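As structure tokens, the structure follows; a few thoughts come after it.
Remember, predicted model here, so these are calculated numbers, not experimental data. Residues take their numbers from the sequence shown, with the count starting at 1. In listed order, ligands and their atoms are each counted from 1.
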Amino acid sequence: MKKNWIEKNLTAFGIQPNLIDYSKEQTTFEWEKVAEQFDGLPCGGFNIAHEAIDRHANGSLGAKTALLWLGENGERKSFTFIDMKKQTAKFANVLASLGFGKGDRIFTLSTRLPELYISALGILKNRSVLCPLFSQFGPEPILQRLVRGDAKALITTQALFDKKVRPILEQLPQLQTVFLIDAIDDENHQIRSLKRLMDNASDIYEILPTDLEDMSILHFTSGTTGMPKGVVHVHKAMYNHWSSGRYVLDLHPEDIYWCTADPGWVTGTSYGIITPWLHGVTNVVDESEFDALRWYRILQNEKVSVWYTAPTAIRRLMRIDCEPTKEYDLSHLRLIQSVGEPLNPEAVVWGVEKLNMPIHDNWWQTETGAMMIANYLSQTIRPGSMGRPLPGIEAGIVHISEDGTATEITEAGKEGELALKPGWPSMFRAYLHNDEKYAKSFVGGWYLSGDLAYKDEDGYYWFVGRSDDIIKTSGHMVGPFEVESALMEHPSVAEAGVIGKPDELIGQLVKAFVSLKMGYEPTEELRRELIGFGRKRLGAAVAPKEIEFTQNLPKTRSGKIMRRLLKAREMGLPEGDISTLED
Ligand code: ATP
Ligand code: MG
């Protein structure tokens, strides 16, 4: 096992990492010290937008680039912290002038345009609630979320409005205003040109007293396991954003940071908007969708030093035939972090071979609001492990008994539910309209994540699977991740999704859906070879008994393999909520 570990050479870092001694940070950490990082509002309280933007604009970073925006067609715009302060003030004034205020739910539905980032922070300045939607949703999922979220206003583009919102507008009587980012004129008193309103708004806005417990963001989950849940966050979440920016993203003032996630998902707000700016770091935003060579060019041309992306993107980069470090100058890149799905050990090692550095995996959820478990720049990586809890976070593996009590499993290697001690600042404060579900997430002094994992003797956490995805076969419990990762070690396999297929004899049979790398044909011979390969790696009890080739696995729009859909299709059952299914 140990031979695969990736040790770090502490003398080789150009910039001293923020975290060097993990145990010391763990034991000396105090949230009060994080609180001291913040400025506070002149009139009282703490507001994310003030700490992320105004504080820097008023201080020594005013002229520094905050947002570096790359348009789809090669356009490039940059906004300093002062520009961002003024623009977000204008938007807050627009909202206030129309009577929107504290607690009002303001939705965004936009591609990654500068206005999306400006309005997100303007909403927070105005103490309204930012509710981001993913721009590729169709009318039905948009309607559902606007209704469930009690939307008062929506910011979108003319094209998205005409295609997706106009058809459902009549069903949204509570929606008072639609702001169109790129419309020149108002259509009527309800559908307004954002540009016109912004042109006429003052660029001075005094944020009113904001309580750390005031609601800041309403996010909908990815819908990987079922109907997406509305998750409520508060301004205090920035404590975790700041500390994870320091420990995990290792942000330093001179960094150029790029998070590839869309603000329609929690990674895109927590780490694509809030965290880099809390640290006063230049944040790159690319309007475009995934494009391997474009991405390498961005890393090169913008001199990106810290990069936060996802396993699905990394697996796509692994598919293409390219020697990135030979073809591009990636010499500024010093840290790659990944979240969203289990990161196969194969992908971590690919990073070492092709990018000259491992990919660092970290684990969290919409509900946790920020990273909870991570691999750190200065610390040894055990490929396949999500890493260790962040300073300030207490994690554990618990067993839930039949009668619903939770007992911590301290024994190394023993699987159970991944749980967290409640009370970290970015912990969600509610599931929208579902108090019962919220209450049920907390058992015996733990927040239960719904993921299964185990801890090794040194406190590294290893993901097993979502509890819904666990396969029970011949009396064994099999996690799909283990099987998928083993298959990915075969040179032909680009991606795999593994499910349990009901079987009279053994309960469930392990079945793998496999998509192949370029240049490989889905032949019977290869299928048999993969079955044999799986057996050798995993043993007969765990290895897939059936393999089916497929060109693409069904995924959420945030890039997660939807095993529940593979299973429903396999069994001919209804597909359930597919609002987040990728086209
Ligand atoms: P839903 O709750 O609607 O089914 P979801 O759980 O996919 O959707 P998110 O909150 O976006 O919605 O994703 C969090 C989940 O993603 C985690 O609970 C975990 O299952 C998975 N995940 C995230 N990061 C990792 C990681 N590093 N390793 C393994 N799994 C991860
Ligand atoms: Mg979830």
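- Q508 and T473 are not linked by any side-chain donor-acceptor pair at a separation below 3.5 angstrom, with hydrogens and angles left out of the test.
- Between the side chains of Y308 and N362, a donor-acceptor pair is found at a separation under 3.5 Å.
- Counting heavy atoms closer than 4.0 Å to ligand 1, residue M386 contributes side-chain atoms (C-beta onward) but none from N, CA, C or O.
- Every residue meeting the salt bridge (charged side-chain N to carboxylate O under 4.0 Å, His left out) condition with K354, not counting sequence neighbours, appears here in chain and number order: E323.
- Side chain to side chain, R334 and H252 meet the donor-acceptor criterion of an N or O pair below 3.5 Å.
- Closest to atom 19 (C) of ligand 1, if we only count protein heavy atoms, is D451 OD2, 2.9 Å.
- In terms of protein heavy atoms, atom 2 (O) of ligand 1 is closest to K229 NZ, 2.9 Å.
- Considering only residues two or more places apart in sequence or on other chains, E213 meets the salt bridge (charged side-chain N to carboxylate O under 4.0 Å, His left out) condition with R429.
- Residue S449 places no heavy atom under 4.0 Å from ligand 1.
- Counting only heavy atoms of the protein, atom 29 (C) of ligand 1 lies nearest to P342 N, 3.2 Å.
- For atom 13 (O) of ligand 1, the nearest non-hydrogen atom of the protein is K560 NZ, 2.8 Å.
- Near D361, the atoms of ligand 1 lying under 4.0 angstrom from a non-hydrogen atom of the residue are 26 (C), 27 (N).
- Using a non-hydrogen distance threshold of 4.0 Å, V339 registers as a contact of ligand 1.
- Residue contacts with ligand 1, taken as heavy atom pairs separated by less than 4.0 Å, do not involve T556 at all.
- With F137 as the aromatic partner, R557 does not meet the cation-pi criteria of under 6.0 angstrom to the ring centre and within 45 degrees of the ring axis.
- Ring planes of H279 and W242: parallel class, angle under 30° (limits at 30 and 60°).
- Closest heavy-atom approach to atom 10 (O) of ligand 1 within the set T366, D577, I373, I561: this belongs to T366.
- Residue contacts with ligand 1 include G223, since one of its heavy atoms falls under 4.0 Å from the ligand.
- T556 and T224 form no side-chain donor-acceptor contact under 3.5 Å, judged by distance and modelled atom types alone.
- Of the protein's non-hydrogen atoms, T224 OG1, 2.5 Å is the one closest to atom 7 (O) of ligand 1.
- Heavy atoms of W364 come nearer than 4.0 angstrom to ligand 1 in at least one pair.
- Within ligand 1, the atoms closer than 4.0 Å to a non-hydrogen atom of N362 are 24 (N), 26 (C), 27 (N), numbered from 1 in the order shown.
- Using cut-offs of 30° and 60° for the angle between ring planes, the W31 and Y239 rings count as tilted.
- Residue contacts with ligand 1, taken as heavy atom pairs separated by less than 4.0 Å, involve W363 via backbone and side-chain atoms alike.
- Checked by atom type, the side-chain pair Q379/R388 shows a donor-acceptor distance below 3.5 Å.
- Among protein heavy atoms, atom 11 (O) of ligand 1 sits closest to S222 OG, 2.9 Å.
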